[in-house]
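Notes to accompany the following structure.
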There are 2 protein chains.
Amino acid sequence: MLGWDVLSANCPTRQVLTRVGDKWTMLVVTALTASDVLRFSELRRRVEGVTQKMLTQTLRHLERDGLVSRTVYPTVPATVEYRLTDLGRELAATVHVLRRWSYANITQIEAARADFDARAVQ
Amino acid sequence: MLGWDVLSANCPTRQVLTRVGDKWTMLVVTALTASDVLRFSELRRRVEGVTQKMLTQTLRHLERDGLVSRTVYPTVPATVEYRLTDLGRELAATVHVLRRWSYANITQIEAARADFDARAVQ
DNA sequence: CCGTATCCAATGGGATACTG
DNA sequence: CAGTATCCCATTGGATACGG
């Protein structure tokens with residue numbers, strides 16, 4: 001298949017948007033962008049609010065999709081490092097743009113909401 | 001507040017990622033990017049699989065955030081047009097990049113998954 | 001045609017406890 | 001330290017019916 005179309009119900013590219021869209025993916029990618037390599041516990045500290053379960057799940061998904069690589073060192077206790085792959089860094093670049101856009105426009109968005117809600121009361 | 005940080009638990013910019021991340025937002029934005037202006041029923045046909053309820057909800061959220069404008073013509077039955085605002089088009093540009101990236105890399109991602117799953121069986 | 005309202009099933013995701 | 005395994009609640013979102 002050469003021409004993908006995300007608007008088609010069963011286009012596999014929808015899965016990418018689904019993955020990117022789940023609660024912690026973009027935040028984990030953002031944290032990894034800033035630090036090159038991070039251990040599990042560091043990642044957990046940086047992504048405020050994420051639970052151990054969800055961080056593990058998010059990292060597994062990213063690893064499965066080839067976006068993050070996982071390196072285990074046989075120390076006691078175990079040391080595990082996570083970093084973005086080349087493919088992951090490409091995604092990170094997009095996420096970065098979205099994040100910058102959010103920073104630049106969140107004020108305008110909140111103003112729009114306030115305006116919308118004010119009209120709705122009438 | 002000047003320095004936002006999406007990694008902070010209660011940074012309002014997280015809401016942007018939440019909004020972008022819900023199931024139909026990026027698809028609706030994509031459809032609107034391609035067509036400039038669309039009626040509700042046209043939008044519903046283009047975004048395969050979306051239900052009336054979810055399309056309405058997604059459009060309301062986008063409208064509330066100032067990303068989509070809604071125009072009602074007092075015909076019988078009602079005619080309603082949706083289009084991206086200037087702010088919405090900025091978001092659309094980012095979504096567009098993400099979509100292109102998905103098209104370019106979905107094959108590689110699926111290969112990575114197959115590889116990951118094959119190893120997991122061992 | 002373009003919604004709103006309701007009900008309900010499925011999924012997502014948090015809390016907690018336990019292991020190498 | 002870095003997981004895995006449950007349990008369970010909250011939210012998402014689909015199906016259906018109805019209204020302007």
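Throughout, protein chains are lettered first and strands after them, A, B, ... in sequence-line order, and every chain is numbered starting at 1.
First and last contacting nucleotides of DNA chain C toward chain A (any atom under 4.0 angstrom from a heavy atom, 5' to 3' order): C:dG13 to C:dA15.
Rounded to an integer number of Å, the gap from CZ of A:Arg45 to C1' of D:dA2 is 13 Å. Note: CD (A:Glu81) to P (D:dG3) measures 12 Å, nearest angstrom. Summarising the geometry, the separation between CZ on A:Arg44 and C1' on D:dA2 is reported as 10 Å, rounded to the nearest angstrom.
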Show me the donor-acceptor pairs, under 3.5 Å and distance only, between side chains in residues 35-50 of chain A and residues at least two apart or in other chains.
| from | atom 1 | to | atom 2 | distance (Å) |
| --- | --- | --- | --- | --- |
| A:Glu42 | OE1 | A:Arg39 | N | 2.7 |
| A:Glu48 | OE1 | B:Ala9 | N | 2.9 |

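Looking at A:Asp117 and B:Arg64, a side-chain N of the basic residue comes within less than 4.0 Å of a carboxylate O on the acidic one, giving a salt bridge.
Checked by atom type and distance alone, the side chain of B:Ser8 never pairs as donor or acceptor with a backbone atom of B:Cys11 at under 3.5 Å. Side chain of B:Thr79 to backbone of B:Thr75: no donor-acceptor contact under 3.5 angstrom is found.
The shortest distance between the side-chain N/O atoms of A:Tyr82 and the OP1/OP2 oxygens of D:dC1 is not below 4.0 Å. Dashed line: the shortest gap from a side-chain N or O of A:Thr75 to OP1 or OP2 of D:dC1 is not under 4.0 Å.
With hydrophobic clusters built from ILVMFWY side chains whose heavy atoms lie under 4.5 angstrom apart, B:Val72 shares a cluster with B:Leu55.
B:Arg113 and B:Gln108 share no donor-acceptor pair across their side chains, judged by distance under 3.5 Å alone.
For B:Asp22, counting side-chain heavy atoms from C-beta on, the closest listed nucleotide (D:dG13, D:dA17, D:dG3) is D:dG13.
Within a heavy-atom distance below 4.0 Å of DNA chain D, the residues of residues 53-74 of chain A found are A:Lys53, A:Thr56, A:Arg60, A:Arg70.
For the atom pair B:Leu87 CG and B:Leu62 CG, the distance stands at 10.5 Å (nearest 0.5 Å).
Within the 4.5 Å cutoff, the side chain of A:Arg70 has heavy atoms near those of the A:Arg60 side chain.
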